[in-house]
Asks: 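Below is one structure. I have some questions about it.
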Amino acid sequence: MLVDSHCHLDYPEFADLADVVRRADAAGVGAMLTIGTELSRFPAVLAVAEAQDNIYCTVGVHPHEAGKSEMVALDELLRLADHPKVVGLGETGLDYFYEHSPRAQQQESFRIHIEAARRLQLPLIVHTRDADDDTMEILTDEMKQGEFPGLIHCFSASERFAAQ
């Protein structure tokens with residue numbers, strides 16, 4: 001069985017969820033993880049996951065969105081993640097390629113997501129682009145404060161980054 005570990009099924013182009021699930025099933029995809037990118041959109045993300053037994057979701061704020069609204073609160077992330085269909089935190093991280101949000105706000109949001117992942121022991125989905133040094137520094141610093149599970153998504157970094 002294949003698993004699509006990163007999709008955005010709440011996006012308008014996937015509005016016909018039954019068709020998406022049918023096509024995924026025909027292609028051998030047995031489970032999907034639809035990723036949260038904004039807290040204001042989380043109800044729609046969760047609704048997609050609740051609509052199908054084989055779809056799960058995450059809750060989080062994409063680095064592009066980190067500066068567009070009030071800073072994500074740890075308590076809110078913890079509360080929203082307290083649902084059986086939520087299996088991860090994020091997508092979060094740092095994206096200095098597009099600079100859609102100020103770097104300081106991306107970094108603060110990233111650290112809040114890490115703390116939620118640490119407390120809940122849910123995987124952290126990390127988006128990093130053109131931010132290798134800061135991403136490594138934050139992950140290294142935060143790991144010293146207590147381990148947390150996670151994975152790197154949108155990886156376009158160096159071999160040095162991968163090794164670390």
Side-chain angles (χ1 to χ4, degrees), residues 2-15 20 24 27 29 31-46 48-49 55-74 76-78 80-81 86-164:
L2 298 174
V3 174
D4 184 338
S5 65
H6 196 106
C7 54
H8 296 278
L9 298 177
D10 63 308
Y11 286 11
E13 53 267 36
F14 303 114
V20 170
V29 177
M32 292 177 269
L33 180 61
T34 189
I35 304 296
T37 58
E38 297 178 68
L39 294 188
S40 63
R41 295 177 61 124
F42 178 68
V45 172
L46 183 60
V48 168
I55 299 177
Y56 298 88
C57 69
T58 68
V59 59
V61 178
H62 191 285
H64 291 177
E65 310 302 330
K68 292 184 181 174
S69 60
E70 188 175 309
M71 182 56 62
V72 61
L74 176 61
E76 185 174 15
L77 272 181
L78 296 173
L80 294 173
V86 176
V87 298
L89 281 294
E91 161 175 12
T92 185
L94 306 175
D95 191 317
Y96 296 169
F97 183 79
Y98 289 109
E99 301 274 0
H100 288 311
S101 293
R103 290 180 180 192
Q105 287 176 283
Q106 290 183 52
Q107 292 169 9
E108 183 180 353
S109 177
F110 188 23
R111 288 184 185 273
I112 291 167
H113 283 78
I114 290 170
E115 180 59 26
R118 181 184 296 117
R119 289 190 189 189
L120 297 173
Q121 284 300 293
L122 288 175
L124 182 75
I125 290 87
V126 178
H127 172 110
T128 182
R129 187 164 185 198
D130 284 5
D132 295 6
D133 291 339
D134 286 351
T135 299
M136 284 190 292
E137 180 181 322
I138 288 171
L139 289 174
T140 300
D141 180 54
E142 289 291 336
M143 193 60 82
K144 291 175 186 173
Q145 298 177 47
E147 293 184 359
F148 52 92
L151 65 91
I152 303 291
H153 162 73
C154 186
F155 184 83
S156 59
S158 65
E159 185 176 332
R160 179 181 69 85
F161 181 97
Q164 185 170 347

Asks: For A116, which residues count as a side chain to side chain contact (heavy atoms under 4.5 Å, CB included) partner, sequence neighbours excluded?
Replies: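 Listed in chain order: L74, L77, L78, L89.
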Asks: Which pair of heavy atoms, one from Q105 and one from A66, lies closest together, and at what distance?
Replies: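 Shortest heavy-atom separation between Q105 and A66 comes out as O-CB, 3.9 Å.
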Asks: Does some side-chain heavy atom of V86 sit less than 4.5 Å from a side-chain heavy atom of F42?
Replies: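 A side-chain contact exists here, since the closest heavy-atom pair is under 4.5 Å.
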Asks: Apply side-chain contact (heavy atoms from CB on, under 4.5 Å) to the pair D133 and Y96, showing each step before the final yes or no.
Replies: CA-CA 11 Å; D133 291 339; Y96 296 169; over 6 Å; no
Asks: Return the CZ to NE2 distance between R129 and H153, rounded to the nearest 0.5 Å.
Replies: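 Answer for the CZ-NE2 pair, R129 versus H153, is 10.5 Å.
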Asks: How long is the gap from OG1 on T128 to CZ on F110, to the nearest 0.5 Å?
Replies: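 Going from the OG1 atom of T128 to the CZ atom of F110 covers 7.0 Å.
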Asks: Write down the atom of S158, the atom of D132, and the distance for their closest heavy-atom approach.
Replies: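 Heavy atoms only, the tightest pair is N-OD2, 3.6 Å.
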Asks: May I ask you to say whether R41 pairs ionically with D10, meaning some side-chain N is under 4.0 Å from a carboxylate O?
Replies: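 Counted as a salt bridge, because a side-chain N and a carboxylate O are separated by less than 4.0 Å.
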Asks: If you take all heavy atoms of L122 and A81, which pair is closest and at what distance?
Replies: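 Nearest heavy atoms, L122 then A81: CD1-CB, 4.4 Å.
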Asks: Classify the ring geometry of Y98 against H100: parallel below 30°, tilted from 30° to 60°, perpendicular beyond 60°.
Replies: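 Parallel: the ring planes of Y98 and H100 meet at under 30°.
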Asks: Any side-chain heavy atom of F161 sitting closer than 4.5 Å to one from T135?
Replies: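 Result yes, sub-4.5 Å side-chain heavy-atom pair found.
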Asks: Quick one: list whatever passes side chain to side chain contact (heavy atoms under 4.5 Å, CB included) with M143, sequence neighbours left out.
Replies: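 M143 satisfies side chain to side chain contact (heavy atoms under 4.5 Å, CB included) with E147, F148 once adjacent residues are dropped.
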Asks: Rounded at 0.5 Å granularity, tell me how far CZ in R103 sits from CG in L94.
Replies: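 Rounded to the nearest 0.5 Å, the CZ-CG separation comes out at 9.0 Å.
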Asks: Determine whether a donor-acceptor pair (N or O, by modelled atom type, separation under 3.5 Å) exists between the side chain of T34 and the backbone of C57.
Replies: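 Not a single qualifying donor-acceptor pair exists.
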Asks: Here's a test for you: under side-chain contact (heavy atoms from CB on, under 4.5 Å), which of L9, V29, I55, V48 qualifies with V20?
Replies: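 The passing option is L9.
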Asks: Checking T58 side chain against G90 main chain: does a donor-acceptor pair fall under 3.5 Å?
Replies: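 Flag set: sc T58 to bb G90 pair under 3.5 Å.
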Asks: Would you find more than 12 non-hydrogen atoms of other residues, nucleotides or ligands less than 6.0 Å from E13 atom CD?
Replies: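 Counting neighbours around CD of E13, more than 12 heavy atoms of other residues, nucleotides or ligands fall under 6.0 Å, so yes.
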Asks: Can you find a pair of side-chain heavy atoms, one from I112 and one from M71, that are under 4.5 Å apart?
Replies: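 A side-chain contact under 4.5 Å exists here.
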Asks: Hey, what do you get for OG (S101) to CG (D95), rounding to the nearest 0.5 Å?
Replies: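 S101 atom OG to D95 atom CG measures 9.0 Å (nearest 0.5 Å).
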Asks: Measuring from Q107:CD to E137:CD, what's the distance to the nearest 0.5 Å?
Replies: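 Here the rounded value is 8.0 Å.
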Asks: Would you say that L139 contacts I114 through its side chain, given a criterion of any heavy-atom pair below 4.5 Å between the two side chains?
Replies: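 Of all side-chain heavy-atom pairs linking I114 with L139, at least one is under 4.5 Å.
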Asks: With E65, which residues qualify under side chain to side chain contact (heavy atoms under 4.5 Å, CB included), at least two apart?
Replies: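 Side chain to side chain contact (heavy atoms under 4.5 Å, CB included) list for E65, sorted by chain: E38, V61, H62, K68.
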Asks: Shortest non-hydrogen contact from G93 to P63?
Replies: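 Heavy atoms of G93 and P63 come nearest at O-CB, 3.4 Å.
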Asks: How many angstroms lie between CG in L124 and CG in L151, if you round to the nearest 0.5 Å?
Replies: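 Here the rounded value is 8.0 Å.
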Asks: Under the criterion side-chain contact (heavy atoms from CB on, under 4.5 Å), I'd like the reasoning laid out for I138 against R111: C-alpha separation, chi angles, the key distance, then a yes or no.
Replies: CA-CA 7 Å; I138 288 171; R111 288 184 185 273; 3.5 Å; yes
